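A short worksheet on the structure shown next.
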Amino acid sequence: MSNTPILQVENLSKHFDVQTGLLRREKKTVKAVTGLNFDINVGETLALVGESGCGKTTTTRLLLRLQTPTAGQVRYDGEDIFQLKGAALKSYRSRVQAVFQDPWSSINPRVRIHDFVSEPLIVNEKLSSSEVDRRVHEALDAVGMRPQDARKFPHEFSGGQRQRIAIASAIVSRPRLIILDEPVSGLDVSIRSQIINLFKDLQAEYGLSYILVAHDLATTRYLADRVAVMYLGQIIEQGPVDDVFDAPAHPYTEALLSAALSADPTEARTEIPMNGEVPSPLNPPSGCAFHPRCHRRLGAVCDVKSPTLQAYGPHHSVSCHLHDRQPTA
Amino acid sequence: MTLSHDMNDRGIAMHNRISNIRHAPKRLLATALLAGTILAAGGLGNAAIAQEKVVIAVSPLGADSNLYWTTTGAFIFPSMQTLVGNDPETGGYDNSQLAESWEHSDGFKTWTFKLHPNATFNGDWGPVTSADVVHSFNLHIGEDAKLSGISRFREMTITAVDDHTVRFDLPSPDPDFLFSHAGRGSLVIYSKAQFDAEGLEGYETAPAGSGPFQYEGREVGQSLTFSTIADHWSGVTAEFDQIEFRWVSEPSTRFAMLSAGEAHAVTLPRDLSDDAMEAGQTVLSSTAGAMQSTMLFTGQFMNPEAEENRDARTYAWADVRVREAVNRALDRDAILEVLYGEGVQALPVYTMDPRFPGYSEEIATGFDDAFGYDPERAMELLADAGYPDAFDNAAIPLVVTSLAGNPEFAQMAELVQAYLDVVGIETEMREQDWATGNTAIRGFTADFVTPMRNAPVRPSALGVQIFFTKHASPHLDVGDPELNELGAMLIDETDPATRDQLLQDMFTRIFETYAHIPMASVPASVAVNSELVEGWTFPGSTSSGLSHYHLIDLK
Amino acid sequence: MTQSQDAPLLEVKDLRVEISTKAGSFFPVNGHSFSVRSGETLGIVGESGSGKSMTAMSLVRLLPKHAARITQGSIKLNGRELLSLSEAEMRKVRGSEIAMILQDPQTSLNPAFTAGQQISEALRLHSPGPRSTLRARAIDALRKVKVAAPEHRVDNYPSELSGGMRQRVVGAIAISCEPKIIIADEPTTSLDVTVQAQYLRLLSELQQETGMGIIFITHDFGIVANLCHKIVVMYFGRIVESGTVERIFARPAHPYTEALIGAVPKLRGHKGRLRTIEGQPPIPTEPLSGCPFAPRCEKADNRCFNELPPTVDADGDGEHLASCWRVLEQ
Amino acid sequence: MLLYLTRRIASSLFALLVISVIVFLLSHLSGSPVDALLPDDATQEQVDSFIREWGLDKPLWQQYLTFLGNALQGDFGTSLKWPGEDAMGFVLDRMPATLKLGGLAILISVVIALPLGIAAAVYKGSPIDSLAQVFALLGQSMPNFWLGIILIWVFSVWLGWLPTSGTGTFAHSILPAIAIAWFQVSALARLTRSSMLEVLDAEYIKLARVKGVSETQVIWKHALRNAAVVPLTYFGILAASILTGSVVIETVFSWPGMGWVAIEAIRGRDFPVVQAVIIAYAVIYMLSNLVVDLLYVVVDPRIRHG
Amino acid sequence: MAETSPNAPIAPTFWSKASDLPLIPIGLLLIVFIIPAFFAQWIAPHDPYVPNLGARLQPPVFFGGTWEYALGTDRLGRDILSRILHGAWYVLAVSMIGIAVGVVVGTTLGLVAGYARGWFDGLVMRLVDISLALPAMLLALALAAAIGASFLSVVVVVGFALWAYFARQVRAEVLLLRNSDFVARSQVAGASHVRILFRHILPNVTNTVVVLATLQVGIAIMLDASLSFLGIGIPRPTPTWGLLVSDGRDFIATDWWISFFPGLAILLTVMSANMLGDWLRERLDPRQRQI
């Protein structure tokens, strides 16, 4: 694992204006994500975990430049991606790719596999058609599909095969970073393990970096090197996956892990009960956003003051008043 | 003249001012409640009709008003009267209406009418006097008048000589003046007393007339009802209590009404008349020819120097050989049999009629020789003229006016096209409504062959001027200097024999130059329910063909 | 885990469902036998298309009309044969004796009616009462599934509720008539882990209170391991292995079960390469001889391809059955 | 909700404005009213004064503004064909007849189409379904004037049950309403069927059955409530179709409603009435769509609370 | 977990496809519509335009007529069968061109409106409202009165009457599609708006458009017939079916065959087109619900 970041996210925020009320007169702001800071290094996998509505998806859409941020920057090779134009943008587009959750909806049913897989090449690079063919075959081969599959249409494949095809399209332009948005949660157990293995193999072979968005913690543990736990649009804990999973610092991470069911009947499980549900991002709680559900609530400080992300261990940071006075190691 | 109105004349005018408007919002609200209201509106109606009410279904007419002068003059209410009447048997003028007698000066410029002394208005509006005639005359030349033939009225003056005598002074001789009192666009006599008491609103609500029927009311767009007057001043009385006119535009619906016994009499296209007869109904024809039918070449095509429509010289029919070929190519007997069936008569020259001056026996007997079906002759003529190569505009547009609701016009055009096709004359159908056609004619850009009706049959002198010279209608003339010259002489000529000769000369000129495509003289016909109606004598002297309703003879 | 020892609440024997399509007919449920006791949770595990849901629907006799029908077998609830009941009688069973929780809380509530209306509808059908009582009982049911402020929620439309809340409402509908058996068809798939955990805990608590039997249909081994007492593993319309959770996780007898368990990522322990199962399940309408898993089985031999394996007692005590030639050999 | 309504009304008004431009321009594309309304032997003075009177000599945009200004006050001028009649008043006067016919047609459509569509969906693939489909297809493939004439012959002439044409009693409206409704029945039945099929596949229908709800209740309570949304969407189009249908059918049955006015006015080049009638049609359409929008809210709580 | 995805039709084998073909409507369409449209001049027994006044109003064979005029003759003695056969071409042309106008205009506007949203979307939807609010029949009347009835005016009216349906439907689909994962994926890949619209979204609405177009055949033919009824259809002597039915309507009670057989031709064609449309709809897009 190299320490050169390929993507640096600085203070990234995205807020949406929503009109509510009887006459839609009241304007409210949904803070989808606020003040995100993280890096992704070459060959590394960073996982974003959290419940639905925590801002994972918005983050990926920002990184993919499908949306523009309210504030903050995303630097790719030192340049803010939201300022990229022309050739530089094309370069970013072909170097950063994505794989989505639903293998049924992420492939255009009307397009042949060849055309689907080759699209990132066609729109970003000027290659001869034979070169494109070669690259498509190479990519299909890498994901375990046959070259003759390129002539077929998506409906001729099963879900697992479609996900392989989606991955082929993501790697065809030889990207450096792939954003994996719940890439296995729509797959059957036996297929899921194949795809997880495939991701690991591709990473090893091409030195890819991944940003993984997942709600399945076990999958995250298998794929990720580092993990960022998000709650209501903010990162509340970040660190190496084993550290975080073995010794979660934030009560939310703790509760999240305790809720996950292990596929081992012998393993003892102590579930930490969380009160209620995730609050609406329209009306986020004051102070620490997690305080109404927190089982380790300290008192008034949690209700009033929002904690900041601070170092907790080596490469491990957390945003919680519990650890306010702890010295940085 | 009247391209528009003649084409559109199959029915009767109507109008309603009854206070529907006031109730509209309330009714709107009520109907918005839809279903409930509708269901509450009434049980199943009784389809059978009361015996004492005669129902006549005809197609709707152009303008629709109780104020006759604001319409084009196609329908005179049976409650209203004019000065002069028509004899039901012959169609000739008689004194069955308000004038007991009339006379004219030698030069046909002064006409004096004596009213029936006992004539009275219905509904207690008093006797009919010359004051009523003057009053009505003034209404007829008013700003809102849209009557056909209005310009003739506007040029004359009227004087009430005494209570029962009126005199008209005309700027130019008019031997056919009676037509203005017993034909299209006649002077209809309204009650001055009613006007003085109620104003126009009185007319709009219930115009008092002097006819054998009294205005009862109307449903706009649907019907118009009159009741019979038991002791009419003229002594005529219908044998039924009421008469209702129903406006029904679909012929098949009218046929259905007749068959279902909902209507005593309906007007039908020719083919449906046949069907009605087959189904056991009776078809009654007018006693005299009610309508002349033709196809006219438009444009001032007979004058190569014409300034008005320079394009006319390039029309194929500017060549007399083409015109003759067109006429020769048509098998009139076959066409007329299809279009009009029985009772139809050959028409050598459109607007020429045995009832009126100018009729030429010579032309009539020579018609077959000159216009008889002879496709070989037609083709020779065309070859001689170098048709079609020698013509820039070889194709002849044939106008069809389905929109105006003249079913036989479409067929006429289709048949003519088929016959012309046989001899090699190119045609194209042009679906064009009469207003568009009229605009073209008025603008001297008319470039088509159009079907035309003359109904009721006008006096020849009037008709020939309207359709062939520039004097009565400056647009529809054929552009022939000779015809225009003859027409100019006719205007001032008062000697009957000379007039007759001038007219004969004009008809001969039209005939010899093949200036149009004459078709037929046709009686008006009406289908009656044979179980309800015994007979009905009417002369076919009005635009709609129907009149003399008091003569309907029920079973 | 409480496990009652009396006679089975629900006993299914040799159940077979046939589906007819234009391409041919096949058996998505093929010779199923299993039983559920009161207070017991049976997990039915399998991948997509293995026939799990079809099994669930056949238990309440709500198979798609025309296309599918039960051709043989027996379903006994408390000793009463369900397959011989009339449709009207069966309707009384549904909801009151056997309830169901469906997969997707987004779509399994009728958007046109409030939560309360949908709960009280079930109540009214099986134990009618005046409107006010029904409402009170609906609120009760919501309280039982731990919905906060049930007296407000009862008047909410599904669109006004969160996913977890909706699934609780579905749960409330299911338990409102105090059924003996609840069939839960992947009820937590679309829920967040935390919500899922709460929901499963709720189900366990309700089970302990009422002693109902639960049939839990899932593909998630985490749920099976934590919630179920017994498991039935399905592959291609057949039960390939059944037994207690402990035994199956400890010593899977069928290669398919073994591979499946190996393919699941774990939360603890070694993070090596996951096991995979290569290939695809067979096409249902195509003729097949031998073990349906044979083409994907690492241990298959000639006999596996040619002869359908019998169901054998893997541990010799009748508590662990598997359908595999290799088990027979051992 | 209120905002939603305001916006709907605003956009309808905009639509009406555009329609008014179209209507105005169309009238001025065609032959001059001079030729339609003045006698053929009218003098030039008459023609000139007519042109002045009707403002035909002014530039087009000025004519339009005058037209719009008057139209906003409900003044579309005086009818040319029905002398003395206020154009809009005349049209409004005919409106109840059309609404009555349209209302009955809608009622017939709904009363026949809904059960038919539901039956076809519930018994999909059965003879009932086939029958409903054939019935629906028949309706969609028969020109309505043809159907109208056939109805007249069968029910009025041969059977003698109902009057052939005209207005008066409720009986008069039955045949024309059926002739208009027939096409709608088929369209609505097909729509109901497909929407019902979709709803019947939904999970909540499954859940209702699992609850032990009887099939009748499942269909009429659970399914229909949701399936009704789609046919409701169609109501706007239904209104438009019924208006369009009434143009032809009113002619066949001599029903003096707006359709009849429209045809007579266009044939007679009665521009004020033509303009009034088209605007009136458009307003009815917009209003019916607004009503549909409101009905939505009643049927679908998602919108009420969304 | 989705056991089967709605987007995933089971790949049909050749035979299941072939046996599924709706042979009856296709056959009917061919016999009544397509073959006559292209080959009328060879298969029609008589000239459709030339009157034969000696053979007026002949009844059809089996109803007292002869095989010479199998479906009877009209008032001018023209062979009904030949007129129907020749009319097919015009009906085909009007419905196809009219629908093509509707498809091109409607699809383009719907596509751009749904994708671009914003003011353009608002404008297009208002235009749709306007188009639906103006009864096509009235517009046709006004148009015919204004510029005369012609083949062109009929096509314009048919196109005008239909485009809004396409625009509405296409827009609705595009709204869904533009948020789909595969569009997001193309955006990630860097595809331009034009490429996304035409390579990705357009192919996915073609099913809808095709199905809708098939179902609109009926509406187009009906409209043509109604226009002929009002006398503003394609001008004579062109024997469009609408004109034939319209011309024969007076004789339904007596010489019924004049309008019955053209009516039957319309009925069979529209019915077949609708059946084909239904089949396509079930085949191509089970979710689509359109009239």
Side-chain angles (χ1 to χ4, degrees), chain B residues 249-256 258-260 268-279 331 333-339 341 397-419 421-422 427-437 439-440, chain E residues 46-57 59 73-79 83 90 137 140-154 226-240 242-256 258-259:
Chain B
S249 48
E250 275 297 287
S252 56
T253 309
R254 296 200 294 272
F255 187 20
L258 183 74
S259 307
L268 291 178
R270 191 261 150 148
D271 290 295
L272 275 184
S273 292
D274 288 357
D275 288 337
M277 279 193 283
E278 262 174 52
D331 183 351
D333 292 344
I335 292 174
L336 299 182
E337 162 61 22
V338 171
L339 293 181
L398 298 178
V399 165
V400 200
T401 54
S402 313
L403 197 56
N406 293 305
E408 93 265 20
F409 279 7
Q411 283 188 68
M412 186 190 288
E414 278 183 313
L415 284 167
V416 166
Q417 176 175 56
Y419 278 105
D421 190 56
V422 171
T427 52
E428 61 185 44
M429 293 278 183
R430 189 181 287 179
E431 189 80 44
Q432 171 181 285
D433 73 327
W434 45 264
T436 309
T439 305
Chain E
H46 296 276
D47 187 310
Y49 299 105
V50 172
N52 178 357
L53 300 184
R56 300 179 63 218
L57 299 172
T73 60
D74 69 4
R75 289 175 288 177
L76 302 185
R78 293 171 296 199
D79 181 35
R83 283 172 75 74
Y90 297 95
M137 212 71 69
L141 273 168
L143 199 68
I147 60 173
S150 64
F151 182 82
L152 184 73
S153 74
V154 173
S226 295
L227 295 183
S228 290
F229 168 83
L230 296 175
I232 49 174
I234 298 178
R236 287 155 206 286
T238 313
T240 72
L243 184 78
L244 298 185
V245 174
S246 172
D247 263 9
R249 69 180 187 267
D250 287 353
F251 307 95
I252 282 177
T254 47
D255 312 316
W256 51 271
I258 303 178
S259 66

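Since the structure is predicted, the reported quantities are computational estimates derived from the model, not experimental observations.
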For Glu428(B), is it the side chain, the backbone, both or neither that has a heavy atom under 4.5 Å from a heavy atom of chain E?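 Contact with chain E involves no heavy atom of Glu428(B) at all.
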
At their closest point, which heavy atom of Arg75(E) faces which heavy atom of Val338(B), and how far apart are they?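 Minimum heavy-atom contact is O-CG1, 4.1 Å.
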
Might you point out which heavy atoms bring Pro237(E) and Glu414(B) nearest each other, and give the distance in Å?
->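 Answer, listing the atom of Pro237(E) first, then Glu414(B): CA-OE2, 3.7 Å.
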
Between [atom1] on residue [X] and [atom2] on residue [Y], distance to nearest 0.5 Å:
{"X": "Leu339(B)", "Y": "Leu76(E)", "atom1": "CG", "atom2": "CG", "answer": "8.0 Å"}
{"X": "Leu57(E)", "Y": "Asp274(B)", "atom1": "CG", "atom2": "CG", "answer": "8.5 Å"}
{"X": "Asp247(E)", "Y": "Asp271(B)", "atom1": "CG", "atom2": "CG", "answer": "10.5 Å"}

Measuring only between side-chain heavy atoms, which start at C-beta, is [X] closer than 4.5 Å to [Y]?
{"X": "Glu278(B)", "Y": "Thr254(E)", "answer": "no"}
{"X": "Asp421(B)", "Y": "Tyr49(E)", "answer": "no"}
{"X": "Phe251(E)", "Y": "Asp275(B)", "answer": "yes"}

- Between Val50(E), Ile252(E), Asp255(E), which shows the greatest number of heavy-atom pairs under 4.5 Å with chain B?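 Between Val50(E), Ile252(E), Asp255(E), the count favours Asp255(E).
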
Using heavy-atom distances under 4.5 Å, tell me whether Arg56(E) contacts chain B through its side chain, its backbone, both, or neither.
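It is the side chain, since no backbone atom gets that close.
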
Using the rule given for side-chain contact (heavy atoms from CB on, under 4.5 Å), can you reason through Asp250(E) versus Leu268(B), listing the C-alpha separation, both sets of side-chain angles and the distance that settles it, and then say yes or no? CA-CA 10 Å; Asp250(E) 287 353; Leu268(B) 291 178; over 6 Å; no

